[in-house]
Colleague: 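Following this message is one structure expressed as structure tokens.
Order of the sequence lines sets the chain letters (A, B, ...), proteins ahead of strands, with each chain counted from 1.
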Amino acid sequence: MDLARPDLRPDPSLSRAEMEDLQRDIAAAATFDDDHALDPATVAIDGAPPLADGLPPARDGAQERLGTESGAGDDHDPDAPVVAGIDQAFLTDRDDAPDAAVSAAVAFRDGDVIEYASATTPLSIPYVPGLLAFREGDSILAALDRLDADPDLLICDGSGRIHFREAGLATHVGVLRDAPSVGVAKNLLCGEPDEPTDERPEGWQTPVRADGAVTTAEPGTAIGHAFQSRQYPTSRRVNPLYVSPGHRVSAETAVDLVAALCAGYKLPEPTRFADGYADTAKRNAD
DNA sequence: GCGACAG
DNA sequence: ATCTTGTCGC
């Protein structure tokens with residue numbers, strides 16, 4: 001699999017206490033600062049097509065190289081950072097019990113999809129809050145491995161630093177690959193928003209600070225943000241997203257990146273596409 | 001003992 | 001996450 005930190009890859013036979021120990025090691029190996037030049041403006045996505053009619057084809061790199069593409073305004077930047085959105089769907093057995101995880105990775109560059117990849121792996125442990133990475137991590141890493149592109153940024157569906165041991169799914173994946181990563185969760189796992197999050201206007205954000213549930217950080221430490229990515233003018237009922245650093249990104253840059261990747265829907269485009277592709281991959285595998 | 005908990 | 005059609009509101 002060629003991971004940057006194979007030593008931190010979990011063994012399937014780990015006990016719960018050993019998994020928690022490993023998460024503390026992963027959090028210690030993680031950095032929650034910007035050690036790179038990922039400018040939100042260079043990864044921004046504009047178009048937000050409805051996915052009801054299916055996913056758009058990946059942009060053909062070969063055609064680009066041959067210069068056969070035609071039409072004005074069709075110039076893409078081949079040197080723009082590659083952003084990969086990742087999401088999962090699950091296969092169930094006869095008794096409708098979760099059986100395998102189907103991970104989908106969709107790579108974007110300069111606003112367009114350049115590649116789709118997926119992988120199906122057996123589920124080893126049940127869902128346990130705080131241990132999600134041990135259930136879905138291998139599947140995600142396998143899907144990323146099948147990508148020809150080497151993403152400059154990973155957008156994961158779940159928490160990063162907003163986690164009991166500051167080692168959520170996004171941190172886990174980011175550290176094992178040593179890639180910048182951001183966690184985007186639809187629900188708050190732990191921590192406390194600075195302000196109430198109800199009925200906020202689009203674009204609003206507030207820090208999420210560590211509370212007693214975060215055992216590895218001083219209470220009050222900023223570990224992420226609540227971010228209102230979408231809101232309707234009249235009826236106020238969209239919940240905010242909970243954005244946190246995975247690895248090699250600060251809490252501030254993490255929200256800025258997610259804001260730049262949102263293009264009219266609640267979820268950032270890479271996540272929305274990965275969600276759709278996970279369903280497609282699930283149907284084809286089943 | 002009670003509460004609380006990503007996907 | 002998953003089982004699932006229509007439906008209420010912009």
Side-chain angles (χ1 to χ4, degrees), chain A residues 16 19-20 23 26-27 50 52 85-104 118 120-141 143 154-174 181-193 197 199 201-202 208 210-216 223-227 230-246 254 258 264-268 271-272 274-279 281-283 285-286:
Chain A
R16 176 171 182 148
M19 289 190 245
E20 294 181 354
Q23 288 187 321
I26 288 172
I86 307 159
D87 193 21
Q88 287 77 235
F90 296 87
L91 298 175
T92 55
D93 60 19
R94 295 176 186 176
D95 307 316
D96 110 75
D99 204 34
V102 179
S103 281
S118 69
T120 300
T121 63
L123 290 170
S124 50
I125 67 167
Y127 167 67
V128 177
L131 299 181
L132 188 62
F134 296 93
R135 177 173 167 82
E136 304 182 350
D138 259 350
S139 180
I140 290 172
L141 293 170
L154 307 176
I155 304 296
C156 301
D157 63 312
S159 283
R161 194 183 184 184
I162 295 180
H163 179 272
F164 307 130
R165 292 164 291 280
E166 296 178 279
L169 186 61
T171 303
H172 183 103
V173 174
S181 63
V182 169
V184 179
K186 294 180 285 296
N187 292 286
L188 189 58
L189 175 62
C190 57
E192 188 67 27
T197 61
E199 305 180 20
E202 199 166 298
V208 169
D211 58 8
V214 182
T215 61
T216 54
I223 54 178
H225 292 271
F227 172 56
R230 182 77 166 119
Q231 193 55 278
Y232 299 112
T234 57
S235 90
R236 68 297 172 280
R237 55 176 178 186
V238 180
N239 297 121
L241 294 176
Y242 297 95
V243 180
S244 58
V258 170
Y265 291 87
K266 173 176 177 174
L267 295 174
T271 303
R272 211 163 63 82
D275 192 57
Y277 191 59
D279 281 336
K282 173 181 176 175
R283 300 216 299 278
D286 201 8

Colleague: Determine: side-chain N/O of Lys186(A) to OP1/OP2 of dA6(B), distance under 4.0 Å, yes or no.
Modeller: no
Colleague: Given atom CZ of Phe134(A) and atom C1' of dA6(B), what is their separation to the nearest angstrom?
Modeller: 14 Å
Colleague: Check the distance between dC5(B)'s C1' and Glu192(A)'s CD and give it to me in whole angstrom.
Modeller: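 Roughly 14 Å, once rounded to whole Å.
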Colleague: Do any N or O atoms from the side chain of Glu136(A) and from the backbone of Leu169(A) form a donor-acceptor pair under 3.5 angstrom?
Modeller: no
Colleague: dA6(B) P sits how many Å from Leu189(A) CG, rounded?
Modeller: 6 Å
Colleague: Give Phe164(A) one of three labels, base, sugar-phosphate or nothing, depending on what nucleic acid heavy atoms sit under 4.0 Å from its own.
Modeller: base
Colleague: Between Ile223(A) (CD1) and dA6(B) (C1'), how many Å, whole number?
Modeller: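 The answer, rounded to whole Å, is 12 Å.
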Colleague: Given dA1(C), dG7(B), dA6(B), identify the nucleotide with an atom nearest to the side chain of Leu169(A).
Modeller: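 That would be dA6(B).
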Colleague: In dot-bracket notation, what is the pairing pattern of DNA chain C, taking Watson-Crick (N1-N3 plus N6-O4 or O6-N4) and G-U wobble (N1-O2 and O6-N3) contacts under 3.5 Å, with [ ] crossing and | for other strands?
Modeller: ..........
Colleague: Heavy atoms under 4.0 Å, any strand shown: does Leu131(A) hit a base, just sugar-phosphate, or nothing?
Modeller: base
Colleague: Heavy atoms, side chains only, cut-off 4.5 Å: are Leu132(A) and Leu189(A) in contact?
Modeller: no
Colleague: Minimum heavy-atom separation for Ile223(A) to Val214(A), with atom names?
Modeller: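 Minimum heavy-atom contact is CD1-CG2, 4.0 Å.
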Colleague: Do Arg161(A) side-chain atoms and Glu166(A) backbone N/O form a donor-acceptor pair below 3.5 Å?
Modeller: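 No: the side chain of Arg161(A) does not pair with the backbone of Glu166(A).
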Colleague: What's Ile162(A) touching, base or sugar-phosphate or nothing? Going by heavy atoms closer than 4.0 Å.
Modeller: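 Contact class for Ile162(A): none.
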Colleague: Check this one for me: any side-chain N or O of Asn187(A) less than 4.0 Å away from OP1 or OP2 of dG7(B)?
Modeller: yes
Colleague: Measure CG/Asp99(A) against C1'/dA1(C) and give the value in whole Å, please.
Modeller: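 In whole Å, dA1(C) C1' and Asp99(A) CG are 14 Å from each other.
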Colleague: For Ile162(A) and Cys190(A), which heavy atoms make the closest approach, and how far apart are they?
Modeller: CG2-O, 3.3 Å
Colleague: Is the shortest heavy-atom distance from the side chain of Leu241(A) to the side chain of Lys266(A) under 4.5 Å?
Modeller: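 The answer is yes, as the side chains (C-beta and beyond) meet within the 4.5 Å cut-off.
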Colleague: Detail all sub-3.5 Å separations between protein N/O atoms and N/O atoms belonging to nucleotides 3-10 of chain C.
Modeller:
none

Colleague: Please step through side-chain contact (heavy atoms from CB on, under 4.5 Å) for the pair Tyr265(A) and Thr271(A), ending with a clear verdict.
Modeller: CA-CA 11 Å; Tyr265(A) 291 87; Thr271(A) 303; over 6 Å; no
Colleague: For Asp157(A) and dA1(C), what is the distance between atoms CG and P respectively, to the nearest whole Å?
Modeller: 8 Å
Colleague: Around Tyr232(A), counting heavy atoms of other residues, nucleotides and ligands shown, do more than 12 lie under 6.0 Å from its OH?
Modeller: no
Colleague: If you apply the rule side-chain contact (heavy atoms from CB on, under 4.5 Å), what do you find for Val208(A) with Val243(A), and how did you get there?
Modeller: CA-CA 9 Å; Val208(A) 169; Val243(A) 180; over 6 Å; no
Colleague: Which heavy atom of Glu192(A) sits nearest to which heavy atom of Asp211(A), and what is that distance?
Modeller: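 Closest approach of Glu192(A) to Asp211(A), heavy atoms only: N-OD2, 4.3 Å.
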Colleague: Test side-chain contact (heavy atoms from CB on, under 4.5 Å) on Tyr277(A) and Asp87(A); report intermediate values, then the result.
Modeller: CA-CA 8 Å; Tyr277(A) 191 59; Asp87(A) 193 21; over 6 Å; no
Colleague: Given atom CD of Glu20(A) and atom P of dC5(B), what is their separation to the nearest angstrom?
Modeller: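 The answer, rounded to whole Å, is 18 Å.
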Colleague: Report yes or no: is the ring centroid of Tyr127(A) under 5.5 Å from the six-membered base ring centroid of dG7(B), with the two planes under 30 degrees?
Modeller: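 Given the distance and angle limits, yes, they stack.
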Colleague: Does the side-chain contact (heavy atoms from CB on, under 4.5 Å) test come out yes or no for Leu141(A) and Val173(A), once each step is laid out?
Modeller: CA-CA 7 Å; Leu141(A) 293 170; Val173(A) 174; 4.1 Å; yes
Colleague: What is the nucleic acid contact for Ala213(A), judged by heavy atoms within less than 4.0 Å: base, sugar-phosphate only, or nothing?
Modeller: nothing
Colleague: State the dot-bracket string of DNA chain B. Criteria: Watson-Crick or G-U wobble, both atom distances under 3.5 angstrom; notation: ( ) intrastrand, [ ] crossing earlier pairs, | interstrand, . unpaired.
Modeller: .......
Colleague: Distance check needed: dC5(B) C1' versus Arg16(A) CZ, whole Å only.
Modeller: 10 Å
